[in-house]
Amino acid sequence: MYEIIRKEQLSDAIVMMEVKAERVAKSCLPGQFVIVKIDERGERIPLTICDYSREKGTVTIVFQTVGVSTHRMGALEQGDFFRDFVGPLGNYCEWIDEPAEELQKKKILFVAGGVGTAPVYPQVKWLHSKGIAADCIIGARNQSLVILEDEMRAVAENLYVTTDDGSYGMKGNVNDCIKKLVREENKSYDMVVAIGPLIMMKFVSLLTKELGIPTIVSLNPIMVDGTGMCGACRVAVGNEIKFACVDGPEFDGHLVDFDQAMKRQQMYKTEEGRRYLKEKEGATHHGGCGHCE
Ligand code: NAD
Ligand code: FES
């Protein structure tokens, strides 16, 4: 059992929880994720790690209460427990293995969309801890949905906040901000890391392809086992089939088939869609996600 030692409501529907999970905290790195389960029958929910403390043995997760399971999770309080907290899963960010002197020469721009700000934070924090500067854009629909701004400001070289409705920061979406930085302020970047909704990562990748900036995205599809066995998280990357849980979650944004990923995400929401995927892709989905059995 994994105790929630701190809970914070970041916005109406976005919750942050610091969870005692010593084994995960001991070895996790930015980019990796965990799969959590409230109880025996609960849905397995994959969440990219937002922060961790090796000293305290804790891992911080951030999630949006959108469905039955995440609403149940959101109702948990400090002192309550998760039944399962499995991880660290997936690969850590590839650039972590690059020598610090090489990374120091690179200008990296992080693009965080909405709840995607949570998985961006540990990456910028890790770089900052090694003395490597990185710029960051946080995009949200409105001011109340801007999360982790203070935390991000403490670790980013330059932080830009955009809101779709102009209620805070620059008015517009993250792409408007990238265009402003690159085309109007003549900033140049060697790499973009974009994490947020699929539609955002698709359009950021289209823009950075046009601008000639290599781009990494982090995919957070439906996952079941998180170990490459069930096929639930399959994604087409450069005409190859990959599994986000074991091959990712980070991929080259210029190669990901976002349209297919978005279609799959929609299909998983209905029983008919799940049946169709099972027929088309084979019996790779063996239940346990809480949707099918
Ligand atoms: P949102 O819909 O509020 O969008 C956040 C920001 O993304 C917008 O304010 C805008 O700046 C940008 N954006 C959205 N559509 C865009 C477009 N077409 N072009 C350019 N920019 C665009 O985001 P949300 O509701 O916080 O996100 C929820 C989604 O994010 C969920 O589907 C969740 O699965 C996903 N998510 C992914 C990860 C991950 O690791 N990849 C992590 C957390 C959440
Ligand atoms: Fe990736 Fe099952 S969750 S293969």
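Note that this is a predicted model, so its numbers are computed, not measured. Just so you know, ligand 1 is whichever comes first in the structure, and atom 1 is the first atom listed for that ligand. Both backbone and side-chain heavy atoms feed into the values below; hydrogens, waters and symmetry mates do not.
- Among the backbone and side-chain atoms of Cys233, an N, O or S atom lies under 2.8 Å from atom 1 (Fe) of ligand 2.
- Among all protein heavy atoms, the one lying closest to atom 5 (C) of ligand 1 is Gly114 N, 3.4 Å.
- In terms of polar-atom proximity, Ala140 is counted as a contact of ligand 1, with an N or O under 3.5 Å from an N or O of the ligand.
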* Take Tyr2 and Asp84 through the test side-chain hydrogen bond (donor to acceptor under 3.5 Å, both in side chains) and record every step on the way to the result. => CA-CA 7 Å; Tyr2 301 85; Asp84 288 336; over 6 Å; no
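- Between Val174 and ligand 1, an N or O atom pair is found at a separation short of 3.5 Å.
- Closest to atom 26 (O) of ligand 1, if we only count protein heavy atoms, is Val115 N, 2.8 Å.
- Taking every heavy atom of Cys230 and a limit of under 4.0 angstrom, the matching atoms of ligand 2 come to 2 (Fe), 3 (S), 4 (S).
- At least one heavy atom of Gln64 sits less than 4.0 Å from an atom of ligand 1.
- Atoms of ligand 1 found under 4.0 Å from any heavy atom of Ile199, numbered from 1 in the order shown, are 15 (N), 18 (N).
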Take Gln143 and Ser167 through the side-chain hydrogen bond (donor to acceptor under 3.5 Å, both in side chains) test and state the conclusion after the steps. CA-CA 6 Å; Gln143 181 169 17; Ser167 53; 5.1 Å; no
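- A 4.5 Å side-chain heavy-atom check between Trp95 and Leu127 finds at least one atom pair inside the cut-off.
- Counting only heavy atoms of the protein, atom 32 (O) of ligand 1 lies nearest to Gln265 NE2, 4.4 Å.
- Residue contact check for ligand 1: Leu145 places no non-hydrogen atom closer than 4.0 Å to it.
- Ranking protein heavy atoms by distance to atom 6 (C) of ligand 1, first place goes to Gly139 O, 3.5 Å.
- In terms of protein heavy-atom proximity, atom 16 (C) of ligand 1 is nearest to Met200 CA, 3.9 Å.
- Looking at heavy atoms from C-beta onward, Cys28 lies in side-chain contact with Arg54 at the 4.5 angstrom threshold.
- A 4.5 Å side-chain heavy-atom check between Asp165 and Lys171 finds every atom pair outside the cut-off.
- Atoms of ligand 1 lying under 4.0 Å from any heavy atom of Gly113, numbered from 1 in the order shown and given with element: 5 (C), 6 (C), 7 (O).
- In the vicinity of Met229, heavy-atom distances shorter than 4.0 Å reach the ligand 2 atoms 4 (S).
- Here the side chains of Val235 and Phe243 are not in contact, with every heavy-atom distance at 4.5 Å or above.
- In this structure, atom 29 (C) of ligand 1 has protein heavy atoms in its sub-4.0 angstrom surroundings.
- With a heavy-atom cut-off of 4.0 Å, Ile195 touches ligand 1 through its side chain alone.
- Remark: minimum distance from atom 23 (O) of ligand 1 to any protein heavy atom is reached at Pro197 CG, 3.4 Å.
- Within ligand 2, counting atoms from 1 as listed, the ones closer than 4.0 Å to a heavy atom of Gly231 are 2 (Fe), 4 (S).
- Per-residue contacts place Cys245 under 4.0 angstrom from the following atoms of ligand 2 (heavy atoms of the residue considered): 1 (Fe), 3 (S), 4 (S).
- Closest to atom 33 (C) of ligand 1 among all protein heavy atoms lies Asn220 ND2, 4.6 Å.
- Val146 is listed as a side-chain neighbour of Ile138, based on a closest heavy-atom distance under 4.5 Å.
- At a heavy-atom distance under 4.0 Å, only side-chain atoms of Asp164, from C-beta outward, approach ligand 1.
- Atoms of ligand 2 found under 4.0 Å from any heavy atom of Gly228 (numbered from 1 in listed order, with element): 4 (S).
- Using a 4.5 Å cut-off on side-chain heavy atoms (C-beta onward), Ile147 and Met152 make no contact.
- Scanning both residues, Ser11 and Ser144, for their nearest heavy atoms gives CB-O, 3.2 Å.
- Minimum interatomic distance between Asn220 and Pro46 (heavy atoms only, all atoms of both residues): OD1-O, 3.7 Å.
- Using a 4.0 Å cut-off between heavy atoms, Arg234 makes no contact with ligand 2 at all.
- Using a 4.0 Å cut-off between heavy atoms, Thr48 contacts ligand 1 through its side chain alone, with no backbone atom that close.
- Note on Glu22 versus Lys56: no salt bridge recorded, every NZ/NE/NH1/NH2 to OD/OE distance being 4.0 Å or above.
- Remark: minimum distance from atom 25 (O) of ligand 1 to any protein heavy atom is reached at Arg141 NH2, 3.0 Å.
- A salt bridge between Lys242 and Glu240 is present, with a side-chain N of the basic residue lying under 4.0 Å from a carboxylate O of the acidic one.
- For Pro119, every heavy-atom contact with ligand 1 shorter than 4.0 Å involves the side chain, none the backbone.
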Please determine whether salt bridge (Lys or Arg N to Asp or Glu O under 4.0 Å) holds for the pair Asp259 and Lys202, giving the CA-CA distance in whole Å, both sets of side-chain angles, and the decisive distance to 0.1 Å. CA-CA 8 Å; Asp259 292 335; Lys202 171 183 169 169; 2.8 Å; yes
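- A salt bridge does not link Glu43 to Arg72: none of the charged nitrogens lies less than 4.0 Å from a carboxylate oxygen.
- A salt bridge is absent between Lys106 and Glu102: the closest approach of a Lys/Arg side-chain nitrogen to an acidic carboxylate oxygen does not fall below 4.0 angstrom.
- Atoms of ligand 2 lying under 4.0 Å from any heavy atom of Gly226, numbered from 1 in the order shown and given with element: 2 (Fe), 3 (S).
- Ligand 1 places these atoms under 4.0 Å from at least one heavy atom of Ser218: 39 (C), 40 (O), 41 (N).
- With contacts defined as side-chain heavy-atom distances shorter than 4.5 Å, the pair Met73/Val15 does not qualify.
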